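Nothing here was measured: the structure is a model prediction, and the numbers come from that model. The chain is numbered in sequence order, starting from 1.
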Amino acid sequence: HQLLKTALLEKKDAGYFWLYSFAIAYCLTIVSWGAFFLPFSYLTIGLLLLVVYFLLVDYLVRSIRQEFGKTAFLTDLFVFLISAGFVLFSTRWEIID
């Protein structure tokens with residue numbers, strides 16, 4: 001990832017936008033595939049994927065601007081845990097016996 005980030009910062013090429021978009025889409029596909037095995041409704045899974053999407057975008061933007069550090073990581077982790085916890089504790093769990 002460091003090589004791609006360096007190339008993006010040096011060239012400032014808009015073509016890398018599609019590469020990052022594909023990387024985000026690929027990560028969301030993997031997370032969504034795994035999330036559908038959890039005992040949650042589609043709305044709950046969609047909300048969790050939305051939180052993951054915004055955190056991925058925030059990570060990429062901060063990485064490109066070279067502003068991503070320990071404080072930013074802890075802030076993103078805190079936001080994710082609070083958001084995911086709120087969604088998971090307020091949803092109805094559909095566990096099949």
Side-chain angles (χ1 to χ4, degrees):
H1 294 293
Q2 184 64 29
L3 180 63
L4 184 60
K5 186 175 102 173
T6 304
L8 179 63
L9 290 173
E10 287 176 359
K11 293 186 177 186
K12 297 190 187 284
D13 191 355
Y16 287 105
F17 170 77
W18 295 108
L19 185 62
Y20 276 127
S21 297
F22 178 75
I24 290 174
Y26 182 72
C27 289
L28 283 176
T29 302
I30 291 172
V31 171
S32 65
W33 180 78
F36 281 110
F37 291 108
L38 297 174
F40 303 125
S41 66
Y42 292 122
L43 182 61
T44 303
I45 293 172
L47 284 172
L48 289 175
L49 289 175
L50 185 67
V51 170
V52 170
Y53 169 76
F54 281 118
L55 289 176
L56 283 173
V57 169
D58 183 56
Y59 169 72
L60 287 175
V61 167
R62 288 184 188 210
S63 294
I64 291 169
R65 293 181 182 167
Q66 296 181 344
E67 298 174 353
F68 196 78
K70 185 177 180 181
T71 306
F73 175 75
L74 291 176
T75 302
D76 284 350
L77 181 65
F78 179 73
V79 167
F80 174 74
L81 291 176
I82 295 298
S83 301
F86 179 73
V87 170
L88 292 178
F89 286 124
S90 65
T91 189
R92 181 177 169 196
W93 290 45
E94 300 173 4
I95 300 176
I96 301 173
D97 291 331

- Co-membership, hydrophobic cluster, residues Phe54 and Leu74, 4.5 Å side-chain: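 Yes, Phe54 and Leu74 fall within the same hydrophobic cluster.
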Taking only distance into account, with no hydrogens and no angle test, what donor-acceptor pairs under 3.5 Å do side-chain atoms of residues 43-52 form with protein atoms, sequence neighbours excluded?
from	atom 1	to	atom 2	distance (Å)
Thr44	OG1	Ser41	OG	3.2
Thr44	OG1	Thr91	OG1	2.7

- Kindly write out the residues that satisfy side chain to side chain contact (heavy atoms under 4.5 Å, CB included) with Ala72, not counting sequence neighbours, or none if the list is empty.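 Partners of Ala72 by the side chain to side chain contact (heavy atoms under 4.5 Å, CB included) criterion, ordered by chain and then number, come out as Arg62, Phe68.
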- Item | Which residues share a side chain to side chain contact (heavy atoms under 4.5 Å, CB included) with Ala23, sequence neighbours left out |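 So Ala23 forms no side chain to side chain contact (heavy atoms under 4.5 Å, CB included) with any residue.
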- Message: Donor-acceptor pair, distance only, cut-off 3.5 Å: does the side chain of Ser83 make one with the backbone of Phe80?
- Response: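 Pair absent, no side-chain N/O of Ser83 close to backbone of Phe80.
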Side-chain donor-acceptor pairs under 3.5 Å in residues 30-37, sequence neighbours left out?
from	atom 1	to	atom 2	distance (Å)
Ser32	OG	Leu28	O	3.0
Ser32	OG	Thr29	O	3.0

- Run through the side-chain heavy atoms of Ile, Leu, Val, Met, Phe, Trp and Tyr, join any pair under 4.5 Å, and report what else lands in Phe78's cluster.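 Same cluster as Phe78: Ile82.
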